[in-house]
Protein chains: 2
Amino acid sequence: MSVVKITFPDGNVAEYPKETSIMEIAEKIGPRLAMAALAAKVNGKLVDMSSKISGDSQLQIITGRDKEGLEVIRHSSAHLLAQALTRMYPDIKLTIGPVVEEGFYYDIDSEKTFSTNDFAAIEAEMEKIVKEDLPVYREELSKRDALKLFATNDYKVEMIEAMDDATEKISMYKQGEFFDLCRGPHVPRTSKLKAVKLMKVAGAYWRADSNNKQLQRIYGTAFIEKKDLDAYLKLLEEAEKRDHRKLTQDLNLVYFHEYSPGAPFFLFNGTIIYNELLNFIRSEYQKRGYKEVITPQMYNKKLWETSGHWEHYRSDMFVLDIEGQEFSLKPMNCPSHCLIYNRDVKSYKDLPIRIADFCSLHRNEFSGTLTGMVRVRKFSQDDAHIFCRFDQIEDEVFGVLEFIKYVWNEVFNFKLKYYLSTKPEKSLGTKELWDQAEGILASALKKADIPYEVKPGDGAFYGPKIDIDIEDALGRKWQCPTCQLDFNLPQRFETMYVDNDGKKQYAVMIHRAILGSLERFFGIMTEHFAGKFPLWLSPVQVKLLPIADRHTAYCKDLQAEMHRHGIRVEVDERTESTPKKVRDAQLLQIPLMITIGDKEMENHTLAVRTLDGKVKFGVSKEAFIQKMVSNIRSKSLTFDMD
Amino acid sequence: MSVVKITFPDGNVAEYPKETSIMEIAEKIGPRLAMAALAAKVNGKLVDMSSKISGDSQLQIITGRDKEGLEVIRHSSAHLLAQALTRMYPDIKLTIGPVVEEGFYYDIDSEKTFSTNDFAAIEAEMEKIVKEDLPVYREELSKRDALKLFATNDYKVEMIEAMDDATEKISMYKQGEFFDLCRGPHVPRTSKLKAVKLMKVAGAYWRADSNNKQLQRIYGTAFIEKKDLDAYLKLLEEAEKRDHRKLTQDLNLVYFHEYSPGAPFFLFNGTIIYNELLNFIRSEYQKRGYKEVITPQMYNKKLWETSGHWEHYRSDMFVLDIEGQEFSLKPMNCPSHCLIYNRDVKSYKDLPIRIADFCSLHRNEFSGTLTGMVRVRKFSQDDAHIFCRFDQIEDEVFGVLEFIKYVWNEVFNFKLKYYLSTKPEKSLGTKELWDQAEGILASALKKADIPYEVKPGDGAFYGPKIDIDIEDALGRKWQCPTCQLDFNLPQRFETMYVDNDGKKQYAVMIHRAILGSLERFFGIMTEHFAGKFPLWLSPVQVKLLPIADRHTAYCKDLQAEMHRHGIRVEVDERTESTPKKVRDAQLLQIPLMITIGDKEMENHTLAVRTLDGKVKFGVSKEAFIQKMVSNIRSKSLTFDMD
């Protein structure tokens, strides 16, 4: 009997008889592994546990701990849904059922119109199939047999006919009475599917072509364990509560109108937050040696021809005809900053020059893709371009990293994850230049004491960069800040400086943004804080609640006093009950509510209530104003009354 | 002998023999009037002093005190120039020589190319003709005689042929050997031309048609008295020195690039001033109950159809095609503010609402008309729209007037002149509504203690307005702030409120701007201050000048200390002499220069130099910082060291 040599991920090697199934190997290793096994990777290729080993191989058993495990679970869950549907509605026709980012779906052609009301019954049937613990088998078929087997389903027939059975095997999977055309792999038994949930129904066209028949798409999600599903559902619920599209409306921050798709109107309170963000970044710029410019919005196409955008980015720009010449609205600031740099001759002593710009940018996003504030057509960035000498890159990048960490981490309490993205295959400049530049970025990261991963080949063609994932309060990841080296634009625009030998040299350009798009940041931050902004950002920081009309005048005086300290404060003068006034202030997420009655007027004290429901009586007015001023100045994330 | 009855402007009536010349009448009235007389108005029509009165008439003798007098002087100056040229260059052909805003010109066809180098000789010849004191005669000719007389000048022939001698008299004027086709009137004698000066030469096409021959246009100006000419030349010289197109370049404030015509780039120092202006207006908004919004730049044409701009203003907008729909960049904010107003239902208690907006506006100005910062394609306004009830108009307009007076008069030291512009013939709304609204504006002006003139019929079709002329340091007039009532847009957009009877009513809209276009204001203000901005606006407020290298570290500490007080301060670390450092700071119009040497370090004092050359030694550091802070905070126009 011939043997095969199996190499495991830990480097161990073992011999097994040829054609041993992977499940048998797993069982040999231990019953717990066999129990946990969902699929396997043989020489890097994902296969079923029932697959047999036919030669010397690298073998990895996939369990719920592996990323691929979740994919297999979700793929098998789509089959589970399809089996339940077929049992309940034998007339439906199955089409395709792939895994997607947050779960899976199955598209079906059915006379019956499905709704979420049907989900309980379908989930009950799915639960039954799981309990039946059906083994899942793979079978391979000839094209002819496949066509015969799926003859009554024209969608499957169309798919089979498109397959080339000379080069690919036509495989199907069976569990109990159910079978489906599928490449696999799948879990070994239906009992592995312990945490599946249907999510929603949507319309979809066969092959995504609106000329074809409209199908019904049933979305579901699945996890390895029930607790993961529960956590996901809780996250979804929390995310929905925090959805910035709803919150910014409820809090009167932002408004959208059909006449200007993808361009938020910042209302009174939204503008206060927006301007606070701007002023915050501006004040940091002052400390960090950035200087601000204000630049035009429209440029002759000659600018974009010089920068290369006309060739590569034109369809993303809004283009206008002016007196027979093509202009476009700027989608980014870099080329205009090159024009400013080139206004006069620069010496090596003039560098670094850090040009900051908050002007509006426009990108021609397709109307169907616009999403709240996170995908817009009009936005501003806290954008800056640093022009420096090669020997200044490290200090500059260090400064940027430190800036990003301060803002995102300290001020806004997001988590950060850093990546160094290196030379891609198609790139500008020599290998030596790239090696050197990547080394400098790595050394800046090290100097800033920042752990990072390398993303080989993920740099832009014009230079290496540091990519940063930020993670919000719900653990969701976003890309906002950037720090990229650019060896390309300085050549295209000839942004040079005269070095200390009198020779002209190209400046290095660093593209960097801290918050990134302010509109997008606004949306992300709103969800991160669930609309409960820290005091310094709150549009109304304090609401004064006179208990009776006779306390209103005193509240007005108090308001004037707080105004003088730069505090945004309103008086609720309505003749409503105090609990109603408190409730309304809470709905608007106003961080501090101060009730004023006879006692407070007499003693010049305050009764202060925070948004978390804590109340403190007899607070000294002067001390409290000072506390607010210092909390606002320090951009504190919390307000501690004690 | 028959007599005619002459009525004078003061109402007096006198009788004269028919066909008495006006000069004779003037002489009868008095030799001084006859001496001063330049021309006359008979029944409102301007005529020569030699004209004879043929019937009962209203008569006004025109002297240098009348606006028309200057026109006659300038017209006769054009003839004076033509006569001198004809004497000096008999081969030239005269074409036309009209009066223009700041003087006159004469277009000539000549082999010789004229330049300003020829002016001295030509002016000498003109002076000679003035001294000859030639009488100026009018003659009337038949078309045939005119054609004969001007036969050698094809331009004049062309003009004569175009005349219809049945309806208009062909007149010419003679002085000495010179004669020219002309409608007149002219001064009675060449000695009246006491203050004439040639200004420049330019090219011009016959009949302004570039298919025709190019002529040479010699520009001149003329005044009644020499002292007026001198004042004008001095003003020109001063205006040229202050030209914002030069000053904003020299001071590194603003930059223009051919890729973005009509859209200024605000450089580092320009952006500081721009943001200071914004912050100033913002802080006033806070005090005055305005609230800021940030709005989109592009709107579907449906918005402009609703507002009426699509019909009346389309060619002034930049239009784009987006996914098959027409959009345009907004040229003004009003319609977008109506959308914001309409976001929810308003009660009478919610009004007034004052919506302020600094977002960019774009107007499609023809490239040939773009002028520095005063005529641009991209700009922002300190624009706001007040939505109020009819009974709130007076208070709101009063508030706007008070705001305008404060900003323009007190903060920037311009002079103001007010006009109330009333119902034009074509207008929206009843006579009663207009009468009432005009009465309210008048009463707001009175309440604000503002004298004004009425401009009858000068209101917009949609409502009466208050027009304001501002006068800069050179006495030049500009229109910047506005305050207009609008009964139209509230109807087009149905911006309503629910009154205290529960009925829906249209809100009144007040369009108002204080500075107006910030770009234009920037230009005007730069010229007004001749680049010597008050301390609070100066991009660099203080320059610290270490006398030797050993004083630099101390200057750096001083800089840090001043920074902490929000003062914009730079250290001139160059190894240049102190006088050179002072000169360079003066060139950049830096208001305060502080020299630091051994003595200053020892005693913690400052040697302070102001831009006017005053120097004060031994100034206490702390006291001076406090003085600066308070000067900046109060937006003082001057810095008084004592």
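Below, chain A is the first sequence line, B the second, and so on; all start at residue 1.
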Of all of A:Val319, A:Asp344, A:Thr271, which one pairs up most often with chain B through heavy atoms under 4.5 Å apart?
A:Thr271

Stepwise side-chain contact (heavy atoms from CB on, under 4.5 Å) test for B:Arg568 and A:Gln286:
CA-CA 10 Å; B:Arg568 294 186 290 266; A:Gln286 252 162 41; over 6 Å; no

Cut-off 4.5 Å, heavy atoms of chain B, and the answer for A:Tyr274 is side chain

A:Leu329 and B:Leu329, any side-chain heavy atoms less than 4.5 Å apart:
yes

Do the side chains of B:Leu267 and A:Ile294 get nearer than 4.5 Å, heavy atoms only?
no

Compare all side-chain heavy atoms of B:Asn252 with those of A:Arg343 and state whether any distance is below 4.5 angstrom.
yes

Heavy-atom pair with the smallest gap, counting every atom of B:Tyr259 and A:Phe327
O-CE2, 3.6 Å

The interface call for B:Gln249 against chain A, heavy-atom contacts under 4.5 Å, is both

Ignoring hydrogens and angles, tell me if any N or O in the side chain of B:Lys378 forms a donor-acceptor pair with the backbone of A:Thr295 under 3.5 Å.
yes

side-chain hydrogen bond (donor to acceptor under 3.5 Å, both in side chains) between B:Glu258 and A:Asn300, intermediate numbers included
CA-CA 8 Å; B:Glu258 52 169 334; A:Asn300 194 299; over 6 Å; no

What part of A:Ile353 gets within 4.5 angstrom of chain B, counting heavy atoms only: side chain, backbone, both, or neither?
side chain

Among A:Phe265, A:Phe266, A:Tyr255, A:Phe268, which one satisfies side-chain contact (heavy atoms from CB on, under 4.5 Å) with B:Val293?
A:Phe268

Answer yes or no: is there a side-chain heavy-atom contact under 4.5 Å between A:Arg282 and B:Asn275?
yes

Max heavy-atom pair count under 4.5 Å with chain A, selected residue of B:Asn269, B:Leu303, B:Ile272:
B:Leu303

Using 0.5 Å steps for rounding, measure from the NZ atom of B:Lys287 to the NE2 atom of A:His563.
12.5 Å

Under 4.5 Å heavy-atom distance to chain A, tell me which part of B:Thr306 shows up: side chain, backbone, both or neither.
side chain

Please report the shortest heavy-atom distance between A:Ile322 and B:Asn364, naming the atom on each side.
CG2-OD1, 4.2 Å

Heavy atoms of A:Ser260 and B:Met298 approach each other most closely as OG-O, 2.6 Å

Could you look at B:His362 and say if it's the side chain, the backbone, both or neither that has a heavy atom under 4.5 Å from chain A?
side chain

Salt bridge between B:Arg377 and A:Glu323, side-chain N to carboxylate O under 4.0 Å?
yes

